[in-house]
Amino acid sequence: MTDAEFMDRAERLLKAVETSCDHINDDTSVDIDNQRTGGMVTLAFANHSQIVINLQKPLHEVWLAAKCGGFHYQFDGIQWSDTKGQGEFFALLSRFASEQSGSALVFAAD
């Protein structure tokens, strides 16, 4: 994957995270404050916990830091998968955000 291809796919991922936050904020009582600075999105929850998603361009990875730990994702041609086999980015983000917010939340690529 070229740097340009990585940035295109990674930007789509970050935009999908932001769009999912907008839907969650509109459709549920959960309030997620999402802030973007360059290639990083920070999700802040009412209990002051955070999830940070950060692009690592030299490695062609997306990193996610949650209360339960840090995870690295690479695009496998179909989806963003954890480099240690833990699963798909949006499924894990949904799980971590649900745990941190105390409500069932769904983040999706579309």
Problem set entry | Interatomic distance, M40 atom CE to I53 atom CD1 [nearest 0.5 angstrom] | 10.5 Å
Exercise. Looking only at heavy atoms, which two atoms of F107 and V17 are closest? And how far apart?
Worked result: CE2-O, 4.0 Å
Problem set entry | Non-neighbouring partners of D27 that pass side chain to side chain donor-acceptor pair (under 3.5 Å), sequence neighbours left out | none
Exercise. Is there a side-chain contact between F75 and V62, using heavy atoms and a 4.5 Å cut-off?
Worked result: no
Problem set entry | By side chain to side chain donor-acceptor pair (under 3.5 Å) - contacts of R9 (at least two apart) | none
Exercise. By side chain to side chain contact (heavy atoms under 4.5 Å, CB included), which residues pair with D3, not counting sequence neighbours?
Worked result: K57, H60
For this session: Scan for side chain to side chain donor-acceptor pair (under 3.5 Å) pairs involving residues 38-56, sequence neighbours excluded, and state none if there are none.
Result: N47-S49, S49-Q100
Problem set entry | Stepwise side-chain contact (heavy atoms from CB on, under 4.5 Å) check, Q86 with L92 | CA-CA 8 Å; Q86 298 299 311; L92 291 171; 4.1 Å; yes
Exercise. Taking only residues two or more places apart in sequence, or in another chain, which ones meet E5 in a salt bridge (Lys or Arg N to Asp or Glu O under 4.0 Å)?
Worked result: none
Exercise. What residues join V106 in its hydrophobic cluster, counting side-chain heavy atom gaps under 4.5 Å, either direct or through other members?
Worked result: none
Problem set entry | D8: side chain to side chain donor-acceptor pair (under 3.5 Å) partners, not counting sequence neighbours | R12
For this session: May I ask you to decide if the ring planes of Y73 and F89 are parallel, tilted or perpendicular, using 30° and 60° as cut-offs?
Result: perpendicular
Exercise. With sequence neighbours excluded, what pairs up with A16 under the side chain to side chain contact (heavy atoms under 4.5 Å, CB included) test?
Worked result: F90
Seminar exercise, completed: Rounded to the nearest 0.5 angstrom, the CZ-CD1 distance for F71 and I51 is 10.0 Å
Exercise. Looking at SG of C68 and CZ of R95, how far apart are the two atoms once the value is rounded to the nearest 0.5 Å?
Worked result: 6.0 Å
Exercise. Any side-chain heavy atom of L55 within less than 4.5 Å of one from L14?
Worked result: yes
For this session: Give the minimum heavy-atom separation between S20 and A108, together with the two atoms involved.
Result: OG-N, 3.2 Å
Seminar exercise, completed: Residue pairs passing the salt bridge (Lys or Arg N to Asp or Glu O under 4.0 Å) test with at least one member in residues 33-55, sequence neighbours excluded, are E11-R36, E18-R36
For this session: Please round to the nearest 0.5 Å and tell me the distance separating atom CG of L93 and atom CG of L105.
Result: 9.0 Å
Exercise. Who passes salt bridge (Lys or Arg N to Asp or Glu O under 4.0 Å) against E88, sequence neighbours left out?
Worked result: none
Problem set entry | Non-neighbouring partners of Q74 that pass side chain to side chain donor-acceptor pair (under 3.5 Å), sequence neighbours left out | E61
Problem set entry | Any donor-acceptor N/O pair, S103 side chain to V30 backbone, under 3.5 Å | no
Problem set entry | D31 and N25, any side-chain heavy atoms less than 4.5 Å apart | yes
Exercise. Do L13 and L59 share a hydrophobic cluster, counting only Ile, Leu, Val, Met, Phe, Trp and Tyr and linking them when any side-chain heavy atoms are less than 4.5 Å apart?
Worked result: no
Seminar exercise, completed: Taken to the nearest 0.5 Å, the spacing of L43 CG from I24 CD1 works out to 8.5 Å
Problem set entry | Backbone N/O of C21 and side chain of N34: donor-acceptor pair under 3.5 Å | no
For this session: If you link ILVMFWY side chains whenever their heavy atoms are less than 4.5 Å apart, which other residues fall into the same cluster as I78? By chain and number, please.
Result: none
